[in-house]
**Student:** 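What follows is a structure written as structure tokens; I'll ask about it next.
Counting starts at 1 for both ligands and their atoms, in listed order. Remember, predicted model here, so these are calculated numbers, not experimental data.
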Amino acid sequence: MYSQTSHPTSLAQTLKVGLLLTAGFLLAPVSAQVSPPSKAEGYTTAFPIDISQVTLNSGRLWDNQARTLSYLKFVDVNRLLYVFRNNHKLSTNGATKNGGWDDPGFPFRSHVQGHFLTAWAQCYATLKDTTCRSQAQAMTAAMVQCQNNNGAAGFSSGYLSGFPESEFTAMEGGTLSNGNVPYYAIHKTLAGLLDVWRNIGDSNARTACLALAGWVDTRTARLSSSQMQSVLNTEFGGMMEVLTDIYFQSGDSKWLTTAGRFYHAAVEDPLANNQDNLNGQHANTNIPKWLGAVRNYKATGNTKYLSIAKNAWNMVVNTHSYAIGGNSQAEHFRPANAIAGYLSTDTCEHCNSYNMLKLTRQLWSIEPTNSAYFDFYERTLYNHIVAAQNPSDSHGHITYFTSLNPGAKRGLGPAWGGGTWSTDYNSFWCCQGTGVEANTKHMDSVYWSDSSSLYVNLFTSSVLNWSARNIQVTQTTTYPISDTTTLTISGSGSFALKIRIPAWTSGASILVNGNSAGVSVNPGSYATISRTWASGDTVKVTLPMKFRTVVANDNGQIGAIAYGPVVLTANNGATTRPTIDLSSLLRTSTTSLTFSGKVNGATTTFVPFYEGQSFAANTYFTLSGTLPSGNTGSTTTTAATTSRAATTAATTSRAATTTGGGSCAALYGQCGGIGWTGPTCCTSSTCKFSNDYYSQCL
Ligand SMILES: *[C@@H]1O[C@H](CO)[C@@H](O)[C@H](O)[C@H]1NC(C)=O
């Protein structure tokens with residue numbers, strides 16, 4: 001869709017970028033954040049409308065948010081503070097300790113609290129929920145107390161963690177062997193504190209955030225660059241991203257220097273050269289590095305960093321992603337295009353998609369004419385992120401992996417080998433953390449603006465308060481159940497309304513006040529309606545949906561079925577891949593997304609993948625026949641097959657041509673963790689853990 005190798009290196013391009021940068025400073029929308037950043041982002045064309053200006057109305061995104069919100073208001077802050085207070089030698093106030101990945105014996109305990117800080121901050125920003133604000137402020141006040149007790153606890157100034165500072169000494173000396181990933185946890189704490197600082201304006205959050213960032217600066221400044229590179233062999237999350245964001249927030253360029261130390265040359269240099277080195281790498285260790293690269297590009301203009309982020313995005317989206325938008329199997333990237341060969345348990349780790357969506361919005365904001373970014377965003381949001389939450393749980397618990405093996409049932413354990421639902425106090429996995437964040441920020445990517453435009457990237461019932469223009473936009477829809485959405489303008493002014501027209505539609509139309517908008521409405525582009533808008537103007541967008549197949553890159557006979565934006569799943573628990581008769585597919589209702597079709601010769605019900613939590617299901621099929629033409633139950637259009645660029649490069653065997661981590665030479669690398677009784681090195685199968693404590697190959 002666009003060049004992967006174009007970098008603004010010529011003088012003319014450099015000047016153009018300079019002007020864009022200037023434009024960014026002048027025209028960045030007035031932020032409604034309580035404590036907005038001191039520095040505007042450069043090299044950015046479109047800006048997200050702050051979440052404080054957007055509210056969701058009823059629909060599946062709102063439902064997911066409501067469930068997570070009830071958990072966020074319920075969870076006991078004192079329990080979450082247990083490992084921090086315990087480590088910093090303060091009273092735990094009689095709180096019960098947590099289990100799972102926040103157990104006082106778990107290596108990277110205290111990684112999850114930052115996710116809660118972010119989620120509470122988001123709930124306060126968009127909903128003005130004061131319970132969420134109180135929870136966040138209670139935690140940040142206690143975190144400052146923890147830092148203030150560092151002398152007595154024997155820690156350096158600014159340190160803040162649930163595990164001792166000596167873990168860093170061991171990591172720097174190459175002797176850390178307990179499975180801890182210390183900077184991974186520090187990143188989460190910094191990011192949570194930053195979000196409470198900017199969305200709530202909380203001074204304790206600011207104090208604790210800058211003190212902990214200062215500790216990181218001191219700790220890393222004294223290492224040689226080769227020592228630092230060896231530290232980076234241990235998973236370190238989004239350290240470059242958050243330190244760059246602290247630079248934007250504070251305006252102090254010293255944080256850019258600290259951020260730059262987290263450039264991991266061994267894995268990022270090949271990506272800058274567009275070499276796919278992902279096979280066998282731990283996915284969620286690496287995606288945050290690309291986010292750090294693109295955020296740092298926006299601060300420094302370093303085009304190598306932009307190349308890393310764009311190249312990696314293209315590789316993952318086009319050659320490492322399943323139909324539902326997720327990637328990885330058993331937490332690791334597999335060979336490029338190896339999709340059909342890895343339709344097994346433990347596909348699609350939630351954190352990976354959470355981070356890929358963050359990467360997607362960063363890249364789109366640089367290149368907002370490219371609708372492919374938000375086509376991927378929509379696909380992954382509905383079919384993976386939303387689908388990973390259990391809709392029958394009032395606290396919205398989530399599954400770590402979304403398995404795509406024949407007969408998979410979400411939430412049916414074990415945690416590793418299928419995926420259980422998370423729990424209130426006994427899981428606290430990484431994905432539970434990204435789950436509370438993801439489900440409280442669905443409004444962050446719907447509306448965007450530049451100096452003369454308003455972009456609509458997602459279709460969901462919502463209200464935009466575009467305060468910079470004194471305009472409100474109300475979006476009314478039951479999408480994706482309906483293929484139509486209506487935008488009603490309140491207020492007046494001249495601007496271009498740019499609406500994403502997904503690549504999967506055909507015959508799309510736009511009416512303004514009931515008449516044709518008279519603009520190009522082409523799939524895979526933005527339709528632009530430029531006019532002087534008046535209160536009461538309506539824009540009705542219709543995006544006809546139809547069946548399509550999403551074939552595996554490595555096998556054109558195997559594929560999933562999609563209908564418009566949603567991937568479908570069959571209520572059929574066959575445990576070997578069944579055959580679907582494509583010609584039998586039929587939408588059976590116009591008011592809900594229900595379908596029927598023949599699977600292994602028997603008529604079977606299909607629903608959107610995000611509705612498929614309660615039964616054993618099949619999502620990938622051996623394809624037979626051709627899709628029906630025109631029989632979609634709503635809008636009638638010709639069916640088409642979306643053939644992804646299948647190549648023959650795919651290797652579906654698990655021959656250990658790649659190396660794992662630690663001292664093991666096998667694909668799956670080194671296993672370990674609390675309660676782990678299996679072999680240290682796995683050579684032929686996934687490390688299987690005996691409990692929920694630890695499900696990660698090291
Ligand atoms: C819109 O946002 C502005 C700025 O935050 C605020 O003053 C105003 O009250 C908001 N309007 C509505 C209707 O929410």
**Student:** Between W421 and Q613, is there a side-chain heavy-atom distance shorter than 4.5 Å?
**Tutor:** yes
**Student:** Any protein heavy atom under 4.0 Å from atom 14 (O) of ligand 1?
**Tutor:** yes
**Student:** Need the ligand 1 atom indices (1-based, order shown) with element for anything under 4.0 Å from a heavy-atom of S467.
**Tutor:** 2 (O), 3 (C), 4 (C)
**Student:** For S592 and S589, indicate whether the former's side chain and the latter's backbone hold a donor-acceptor pair under 3.5 Å.
**Tutor:** no
**Student:** Give, for atom CG of L381 and atom OH of Y610, the distance between the pair rounded to the nearest 0.5 Å.
**Tutor:** 10.5 Å
**Student:** Under 4.0 Å from a heavy atom of Q472: give me the atoms of ligand 1 that qualify, with their elements.
**Tutor:** 12 (C), 13 (C)
**Student:** What I'd like to find out is whether the side chain of D63 reaches to under 4.5 Å of the side chain of P391, using heavy atoms alone.
**Tutor:** no
**Student:** Quiz question for you: does at least one protein heavy atom lie closer than 4.0 Å to atom 5 (O) of ligand 1?
**Tutor:** yes
**Student:** Give the numbers and elements of all ligand 1 atoms closer than 4.0 Å to a heavy atom of N465.
**Tutor:** 1 (C), 2 (O), 3 (C), 8 (C), 10 (C), 11 (N), 12 (C), 14 (O)
**Student:** Could you check, using the six-membered ring where one of them is a Trp, whether F374 and Y455 have ring centers closer than 6.0 angstrom?
**Tutor:** no
